[in-house]
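Some notes on the structure that comes next.
FYI, the numbering just counts along the sequence from 1.
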Amino acid sequence: MGSKKHYAGQISEKLQDLRSKGLKDGGVNRPPPDAAGLSQHESAAKSEAEKWLNSEQRIFDQHMTEAARGMTEAQHKEQESVAQAEMLTGVDSLSGSVQAELAGDRRPLVEATAARLEAEASIRYYKAANEIDEPATYPESRIWHLGLLAVIALVEVVINAFFYENAQGLLGGLVVAAGIAVVSLGFSALLGWVFRFKNLCQFDKRLLGWSALVVFVILSIFGNALFAAFRSEYQLVVDPSEVGQVREAFQVAWSEATGIFYFQTDFKDLLSLVLFGLGVLANIWAFAKGYTIDDRYPGYGARDRRFQQTNQTELTLQDALRAKVKDLLQARRVEVQKALSAPRDQVGLISRRTAEVANAKSALTAAGSAIQRDYAMVIEAYRQANVSVRMLSTPGYFKEPVALASQVSVHAADTLLAEFGQLQEQVRLTGERFSEDLTCKLNELQDAQSEVFSRTFGDYLESVRAEAEEQLTRRIQVLQRELKAA
């Protein structure tokens, strides 16, 4: 018989067995008329009934132990709820918590704001000094921008390799073409980059920019005429590995190329003319790529990128801080909402505990009555069957009421039910006591959230900006002192 198995009429199932044993014992006049105690079969039935009573009592006691533990936990939770409610409705520490959260991240935000202000001042000064009234324009990716130039250079190398093919075949032409492409396109892109200086206001910068254009025109025309003439002479070289022959071919090409400025250059074949035209177009394209590698005002793009980077860093820090403050306010709201719902939850939990105790009490009472009833029924059946067949008189105890000495006890349940009732009333009163204050506190938190983000956070950002400006002023003063000392 397991400790968790409830009584379900097992004793009554032995009714026929005990009736048969009663007939058998009565046939031989057992128990004898002078017997003072129960017969063997009655004792066995009584022993089994008492075991079932003890089993039901043990199960009930286990339920009561768990319920008592639940009572202790509920009392502790009630104390914690009261303390939490008193803390939340006490001195308002929300403003202090928000200020502490803001102060913790102030230094990085001040540094970011100072960097952004410095970058903003630099770009404003640069725009004013150079009379710029347009946003900076530059490629999003310099790698991609220069990558296109590299692709064009590769195409030019491949095409020129056929033009410069000689006794060494395409490999020799490829080497010469690669060298010419690197020099030609590289200088063109560099001169295009320098040409941007013509957009600045300073005379020397403008002069440098226009000079780059003049140099580009001269070098592009002369250089491509030189390379076209060199192609014709290079193909006549018997041994391209002989430096003297290559030098002589180059000198001849140089003298021919100088005639381009007197309109006296005579391209010896159509391929040389095509090479000249393709080279000029490639130089113009490389020049344009060098010019557009950054904003057309030198230094404007770098300043704009610096400003965009520092501005994004500042915004990221602001958003992160705003999220932390929002999480803080949300956490406080959740605390108040939990404190508001805690009494209701506690009442529900106590009600369930009370129902469990009441059910355990009812189950024990019903089981005890069923065991007593079934025990009396089988004993009466045994005695009636015994009396119906015996020849001698019955023992005196047959006339006594059939009952078990052991009884179940539900006193622990009564005690716990009373305690649970008192605790439930106490929790209800606690809920009524703090309900209005916690509701007001929740409404205050909702209003405070709007106040924090509309005013407090704005004032905080203004103070951060003021501190950043003060920091920049100190840096400038230190720099001025150092310049004077130098």
Pair [X] + [Y]: basic N to acidic O under 4.0 Å:
{"X": "Asp61", "Y": "Arg58", "result": "no"}
{"X": "Asp105", "Y": "Lys324", "result": "yes"}
{"X": "Arg306", "Y": "Glu118", "result": "no"}
{"X": "Arg428", "Y": "Glu425", "result": "yes"}
{"X": "Glu335", "Y": "Lys338", "result": "no"}
{"X": "Asp295", "Y": "Arg305", "result": "no"}
{"X": "Glu470", "Y": "Arg474", "result": "yes"}

For the aromatic rings, using the six-membered ring if either is Trp, is the centroid distance between Phe287 and Phe195 under 6.0 Å?
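Judged by ring-centre distance (under 6.0 Å), Phe287 and Phe195 do meet the cut-off.
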From CG (Leu417) to CZ (Arg353), nearest 0.5 Å:
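One finds 13.5 Å between CG of Leu417 and CZ of Arg353.
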Would you give the length of the straight line joining atom CD of Gln422 to atom CD of Gln75, rounded to the nearest 0.5 angstrom?
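Between Gln422 CD and Gln75 CD, I get 9.5 Å after rounding to 0.5 Å.
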Report yes if some heavy atom in the side chain of [X] is under 4.5 Å from a heavy atom in the side chain of [Y]; otherwise report no.
{"X": "Thr365", "Y": "Val408", "answer": "no"}
{"X": "Leu340", "Y": "Gln337", "answer": "no"}
{"X": "His76", "Y": "Glu73", "answer": "no"}
{"X": "Lys5", "Y": "Ile59", "answer": "no"}
{"X": "Leu207", "Y": "Gln202", "answer": "no"}
{"X": "Val325", "Y": "Leu329", "answer": "yes"}
{"X": "Glu467", "Y": "Arg106", "answer": "yes"}
{"X": "Ile123", "Y": "Tyr300", "answer": "yes"}

Could you tell me whether a side-chain N or O of [X] sits under 3.5 Å from a main-chain N or O of [Y], the two making a donor and an acceptor?
{"X": "Asn199", "Y": "Arg196", "answer": "yes"}
{"X": "Gln57", "Y": "Ser409", "answer": "yes"}
{"X": "Arg296", "Y": "Tyr291", "answer": "no"}

In terms of ring plane angle, is the pair Phe457 and Tyr460 parallel, tilted or perpendicular, where the classes change at 30° and 60°?
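Aromatic pair Phe457/Tyr460 classed tilted.
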Modelled atom types, side-chain donor and acceptor of Glu78 and Thr430, under 3.5 Å
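Yes - a donor-acceptor pair under 3.5 Å links their side chains.
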Compute whether any side-chain donor of one residue and acceptor of the other, for Gln424 and Thr354, lie under 3.5 angstrom apart.
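No.
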Stepwise side chain to side chain donor-acceptor pair (under 3.5 Å) check, His63 with Glu356:
CA-CA 8 Å; His63 284 305; Glu356 291 173 359; over 6 Å; no
Could Arg116 and Phe307 be counted as a cation-pi pair, given that NZ or CZ must be under 6.0 Å from the ring centre and within 45° of the axis?
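No - Arg116 does not lie over the ring of Phe307 by the 6.0 Å and 45° rule.
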Identified side-chain contact (heavy atoms from CB on, under 4.5 Å) counterpart of Arg465 within the set Val110, Leu109, Leu117:
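Exactly one option meets the side-chain contact (heavy atoms from CB on, under 4.5 Å) with Arg465, and it is Leu117.
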